[in-house]
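Here the structure is laid out as structure tokens; the discussion comes afterwards.
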Amino acid sequence: MAAESMSASASRSMSASASRSSPGGGTKRPLSGLQEKDQLSVFENAVVDEDAGDLTDSEESLFSGLEDSGSDSSDGDDDEEGEGDDDSGVEEKDVKKFSKRDVKMREVARKEEGESNGKLAGSDCSVRPEQTGLTPPGDEHEGDTSDEEDIRNTVGNIPMEWYQDYPHIGYDLDGKKIYKPIRNKDELDEFLDKMENPDYWRTIPDKMTGTEIRLTDEQIDLIHRIQKGQYGDVKFNPHEPSIDFFTHETMIHPVTNHPAHKRSFIPSLIEKEKVSKLVNAIKQGWIKPRKPRDDTPCYYDLWAQEDPNAILGRHKMHVPAPKLKLPGHEESYNPPPEYLLTEEERLAWEQQEPEERKLNFLPQKFTSLRAVPAFSRFIHERFERCLDLYLCPRQRKMRVNVDPEDLIPKLPKPKDLQPFPTTQALVYTGHTNLVRCISVSPSGQWLASGSDDCTIRFWEVSTGRCMRTIEMEGIVRSIAWNPNPVHCLVALTVDQSVVLVNPCLGDKLLYNATDQLIASFVKPEEESIQPVEWSAAEGDSFDKGLRLTIKHNKMVKQVTWHGKGDYLATVIPDNGNAQVLIHQLSKRRSQNPFRKNKGMVQCVLFHPIRPYFFVATQRYVRVYNLLKQELTKKLMANCKWVSSMAIHSGGDNVICGSYDSRLAWFDLDLSTKPYKVLRHHKRALRGVAFHKHYPLFASASDDGTVIVCHGMVYSDLLQNPLIVPVKLLRGHEITQDLGVLDVTFHPTQPWLFSSGADGTIRLYT
Amino acid sequence: MGGLEKKKHERGAATNYITRNKARKKLQLSLADFRRLCILKGIYPHEPKHKKKVNKGSTAPRTFYLIKDIRFLLHEPIVNKFRDYKVFVRKLRKAYGKAEWGTVERLRDNKPVYKLDHVVKERYPTFIDALRDSDDALSMCFLFATFPRTGKCHVQTIQLCRRLTVEFMNFAIASRSLRKVFISIKGIYYQAEVLGQLITWIVPYSFAHDHPTDVDYRVMATFTEFFTTLLGFVNFRLYRSLNLLYPPKLENKPEESGLQQDDDEKYAMDSESYMEKLAALGSSLARVVPSNEEDDVALDEFPTDEENAMLLEERQKEQQMLEKQKKLFEGMKFFLNREVPRESLAFVIRCFGGKVSWDKSLCIGASYPVTDETITHQIVDRPNLDKQLINRYYVQPQWVFDCVNAKTLLPVEDYFLGVTLPPHLSPFVEEKDGDYIPPEKLKLLAIQRGEDTYENQTESEEEEQSAEESEEEEDEDMDETEKQDEERLKNMEAEKVKNKPLNVKVTAGSVKVENKTEVSQREQAEEKRLAIMMMKKREKYLYNKIMFGKKRKVREKNKLAAKRKAHDDVLKAEKKKSKKIKSQ
């Protein structure tokens with residue numbers, strides 16, 4: 001302290017020495033800017049003296065905090081001190097940072113100091129001129145020192161990098177080189193220094209001289225204040241009441257005492273000339289005073305001459321904006337109670353998107369008119385209307401006002417198309433499982449049915465009485481009565497074999513003749529190789545009625561007779577290239593008509609008159625000429641999976657039922673595409689049938705219904721068939737998702753048989 | 001075949017349309033200016049029939065204008081004014097920047113303005129066209145008239161809107177053209193019939209607006225600019241048609257002038273007071289040719305043939321009804337309490353010939369005080385009133401509106417103070433057969449037909465009502481014949497199924513007498529169903545759609561009816577309960 005007081009009157013070098021000898025300063029020399037600060041503090045030594053003690057105390061506490069944080073992060077980088085755990089830590093870090101980013105900050109400090117000084121000085125000189133006498137002379141001195149240069153190094157204000165490669169960093173006043181200190185301080189030294197030197201945080205290197213400077217308490221205090229944005233001088237009060245230079249009161253004496261100029265007494269000639277010109281112009285009426293603008297619009301009869309022929313503005317494409325919808329009861333402030341939303345409806349309304357809502361407001365009820373509030377979306381609605389008016393594309397839409405009744409096609413009345421089956425007449429019960437197939441004898445007296453309960457039953461049609469029951473070894477998938485009335489034979493499929501059964505019903509002569517015919521077969525001498533195995537029934541099975549068994553090597557799906565009753569065709573779906581076999585009964589011979597089968601064969605059919613053979617695969621029906629042995633036609637069924645097929649007795653029309661609930665009617669003369677596709681059923685079609693004589697056809701479906709249609713085929717080739725649905729027959733119950741499985745017509749009467757999954761057969765008459 | 005190859009998009013629809021951006025470029029306008037121009041000129045996008053063709057094969061969403069429309073805009077003088085205005089703004093900004101106040105003033109004086117008279121004439125070549133399109137104009141002006149005089153838009157605009165709406169209301173009063181009023185939760189709807197055109201407008205409740213931030217007021221202001229011009233000319237023409245002075249002048253009746261003179265000065269400045277007096281809607285307007293009453297031109301009797309006679313008779317009846325409605329409140333004196341919406345009530349009452357007054361402190365133009373002995377009705381909207389005079393009815397405001405909509409004077413009993421008001425129905429709903437009609441409406445219709453007077457309204461009516469309801473339900477059933485038939489068929493099937501287990505025993509059966517009509521109906525229904533099966537796919541789709549719509553309508557109607565019934569049941573139960581309590 002003594003040294004400091006000494007330096008008050010001493011020269012610059014003396015002050016340097018003073019700072020050198022300042023406690024804790026060691027060998028470090030303060031920088032020029034800070035040194036001035038030194039001096040500054042020195043002037044106020046009397047005050048600072050007491051403060052200094054306090055300061056040191058606080059600094060020590062600060063320092064201890066720093067050391068803590070330093071030791072915490074000792075493993076980390078030196079520069080990157082651990083983030084302060086508390087406020088004080090942060091503050092100290094700031095300080096330290098300051099000490100590191102030396103030059104820059106110092107310059108800032110200097111500038112700010114200069115500013116504050118300038119301010120101080122300015123305010124000093126302007127605000128309180130009379131106080132200048134009172135301030136200590138040091139104050140004025142301080143104003144000058146602000147832009148003094150550090151003149152120990154005479155290189156001036158240049159980037160010090162220029163001296164990077166030289167051993168010296170400049171020249172002193174005598175022109176001698178100032179050498180850089182021997183820099184042997186590496187990172188470790190730095191770190192050790194940081195750990196050991198309690199003043200490390202307040203030492204900064206001086207780039208100009210290469211020395212390190214320890215900042216004094218006053219300097220640090222100054223830096224703190226500048227960082228906080230305060231004035232550098234502690235004593236300066238920025239909020240002192242200002243005193244105007246000129247008083248607001250009007251003074252009697254002028255501020256300056258110049259005498260008025262002569263020309264202010266003499267009127268200007270030029271002006272006079274101008275004024276007289278203007279006066280003349282006004283008199284002559286050349287200049288008129290500006291009328292105040294009248295912004296109020298004036299209205300008149302715009303449509304005085306109406307031209308009704310003027311097409312709205314411009315052209316005939318004008319579409320007038322549609323008017324807004326008029327409000328309904330629900331918009332009333334006091335609507336009938338049924339228009340108010342219930343709680344659920346209200347919630348649903350709130351959850352909907354605003355565009356989706358049917359009403360764009362919530363209906364509400366108010367007890368009186370005075371309780372009705374303003375509608376909050378009123379402006380929105382008007383705005384949206386505006387947007388609609390000018391942004392919405394308009395289009396003339398022809399709204400067709402169609403009476404739905406007109407859309408229904410006019411069909412001939414079903415009454416006029418009689419006869420057709422209308423009511424359920426009989427139910428044949430007895431089967432215990434679903435009845436897959438039925439067939440009527442050519443005489444129309446007997447009905448044969450095959451079922452999943454491994455039996456076949458023969459019924460008398462007119463009474464519904466079960467005449468015979470024959471147990472088979474497996475499920476009966478298909479059954480067909482020989483169409484030739486001379487024979488009394490029924491063909492049926494049981495698993496892998498086709499069995500021919502003589503039901504022994506009707507005329508005794510007739511069925512005995514059939515038996516004889518079968519027995520009269522003589523084996524040919526040279527036995528050809530057959531794809532199947534024929535065997536005649538004997539003994540027990542003969543008594544049961546079985547006559548012949550044709551054993552295939554795979555499961556047989558369908559069996560169908562040729563019209564003459566000698567040939568029968570079978571479908572064996574899993575049999576590779578021999579999916580269809582044709583058997584001749586009289587010669588007990590079988591043959592595979594096709595070298596190759598395309599697709600999975602669903603069902604086959606003989607043409608009733610001509611030597612054609614229909615093979616239905618999943619999507620197509622192929623028509624083969626058996627005589628020429630060639631493909632004649634390929635019918636596109638337009639469906640996914642054909643289930644059944646039937647042919648008109650005329651032979652020119654084929655219907656196909658499919659599992660995707662369509663029925664396709666083909667006119668073979670017309671096209672290979674369906675003449676009509678009917679989608680009457682809601683579920684898969686299982687069976688279709690044509691009547692032999694009447695223009696009727698029927699389709700059975702899984703939805704438990706049988707639809708009877710009138711399908712008139714005209715002999716006139718130019719007239720297309722007429723198809724009219726005439727009756728929807730119900731009766732079968734749906735069991736296991738299956739409804740009606742097979743359908744067939746009586747050969748002579750307009751009666752219809754249907755067998756269903758509920759184990760019944762029904763007769764509709 | 002030789003010839004040049006036809007290029008795509010060089011003929012047909014593609015050449016008739018232009019996209020918005022292209023149109024903008026063609027007009028050399030900024031988007032904002034283009035928008036304003038479109039609003040003022042009434043140009044709107046068109047939806048082309050084949051969008052892809054017009055869009056040159058692309059499916060990008062674009063708005064298309066008719067190329068004719070845009071070409072038509074090219075010659076618009078307003079476009080030049082827009083450009084002038086842009087220059088003006090630039091100059092003004094510069095002058096401000098240089099602080100040349102003299103220049104600023106000069107520029108301000110020469111601010112380019114445009115007039116929309118020719119646009120109005122162009123868009124509406126005949127007066128009827130203009131009337132037909134004045135719905136939006138009125139609604140918008142009524143809205144703008146309620147805006148605060150600060151912010152949002154120019155004060156002049158608001159004042160002009162107010163002036164125009166007041167003028168229109170005065171015209172409606174003078175011509176007695178108001179037909180329907182409806183108090184909705186959004187505002188009050190009015191419908192007037194002017195020269196055979198129905199004009200509907202909505203007036204917001206007179207509360208301060210909660211100005212939304214997601215609304216572009218510039219768009220609305222541009223619309224208002226046009227609408228005010230349109231409405232001004234319409235008003236002028238309308239006033240002329242009635243031989244009224246335009247701008248409107250109040251009729252000076254010598255006996256009233258003295259009374260009113262004194263409170264005028266207190267109320268407002270001289271320039272404003274006239275407007276305010278007009279807006280009060282209290283007194284009638286001056287005519288160019290003073291006439292005592294409108295001389296109605298009676299319809300000439302034409303010799304007519306039988307068919308037209310009915311029509312003519314009907315029309316005459318309607319005409320009579322209308323005349324009666326116009327004089328609905330004639331000879332009545334109303335007094336409006338201060339809590340009721342004065343303007344709308346005064347407007348409605350005056351439109352139907354009633355005299356109306358209000359508290360002197362409420363508004364200018366009150367013609368008689370509360371104490372006037374001759375007042376017949378006082379409109380009050382509070383639970384009770386301390387001092388009630390015996391020679392007048394105290395009714396709630398809904399009575400006035402309901403009377404107007406019913407076209408007759410409804411009994412005041414339902415609208416007394418503190419009474420639960422009957423529902424206020426929308427007069428705009430015209431029920432077709434098959435629609436749901438609320439029971440109140442049915443009652444009203446009955447009154448209008450003169451079938452049922454209100455005096456003997458007792459419990460019996462409720463029964464009648466319920467009977468009506470049941471009738472209604474029957475009607476519904478008729479609509480749903482199909483459904484019913486299906487049900488019937490189902491029943492039949494069920495019966496059949498029941499009969500399925502055949503009895504071996506045969507018992508003597510009785511002959512079932514079948515209802516012939518039923519049988520034929522059933523047959524018809526089945527025929528129809530079968531015919532529907534034979535429909536073509538496209539027609540079936542359309543048919544199903546129509547039927548779906550019909551069914552939905554029926555469903556909605558049933559829902560409303562069910563709701564109402566539930567509500568009424570609850571009410572009845574409550575009534576019974578209260579009666580029981582009373583009897584105990």
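Scope of the values below: all heavy atoms of this structure, side chains included, with no hydrogens, waters or symmetry mates. Chain A is the first sequence line, chain B the second, and so forth, proteins listed ahead of strands; every chain is numbered from 1.
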Is [X] close to chain A through its backbone or its side chain, or both, or neither, when contacts mean heavy atoms under 4.5 Å?
X       : answer
Q524(B) : neither
N235(B) : neither
F142(B) : neither
Q191(B) : side chain
P341(B) : side chain

Under 4.5 Å from any heavy atom of chain B - which part of [X]:
X       : answer
L411(A) : side chain
N360(A) : side chain
C392(A) : backbone
E345(A) : side chain
A371(A) : neither

Report yes or no: does [X] contribute a side-chain atom to a donor-acceptor pair with the main-chain N or O of [Y] at less than 3.5 Å?
X       : Y       : result
K563(B) : L340(A) : yes
S332(A) : S426(B) : no
D301(A) : F236(B) : no
W303(A) : V234(B) : no

Is the F233(B) to Y300(A) ring centre distance short of 6.0 Å?
->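 When the ring centroids of F233(B) and Y300(A) are compared, they turn out to be within the sub-6.0 Å range.
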Are any non-hydrogen side-chain atoms of [X] and [Y] less than 4.5 angstrom apart?
X       : Y       : value
V402(A) : Y543(B) : no
L324(A) : D135(B) : no
R237(B) : L302(A) : no
M140(B) : C386(A) : yes

Ion pair present between [X] and [Y], side-chain N to carboxylate O less than 4.0 angstrom?
X       : Y       : answer
R396(A) : E47(B)  : no
R382(A) : D136(B) : yes
K413(A) : E523(B) : no
E527(B) : K415(A) : no
K565(B) : E338(A) : no

For atom CD of E430(B), decide whether the heavy atoms of other residues, nucleotides or ligands shown that lie under 6.0 angstrom number more than 12.
->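 For E430(B), atom CD is not crowded (no more than 12 foreign heavy atoms under 6.0 Å).
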Would you say H154(B) has more than 12 foreign heavy atoms packed within less than 6.0 Å of its NE2?
->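 Not more than 12 within 6.0 Å, no.
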Please identify each residue that fulfils ring pair (Phe, Tyr, Trp, His ring centres under 6.0 Å) with F361(A), with sequence neighbours left out.
->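 For F361(A), no residue satisfies ring pair (Phe, Tyr, Trp, His ring centres under 6.0 Å) once neighbours in sequence are set aside.
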For H209(B), all residues meeting ring pair (Phe, Tyr, Trp, His ring centres under 6.0 Å), sequence neighbours excluded |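 Scan of H209(B) (ring pair (Phe, Tyr, Trp, His ring centres under 6.0 Å), adjacent residues dropped) gives F147(B), H211(B).
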Between Y44(B) and H318(A), how do the two ring planes meet: parallel, tilted or perpendicular, split at 30° and 60°?
->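 If you compare the ring of Y44(B) with that of H318(A), the planes turn out tilted.
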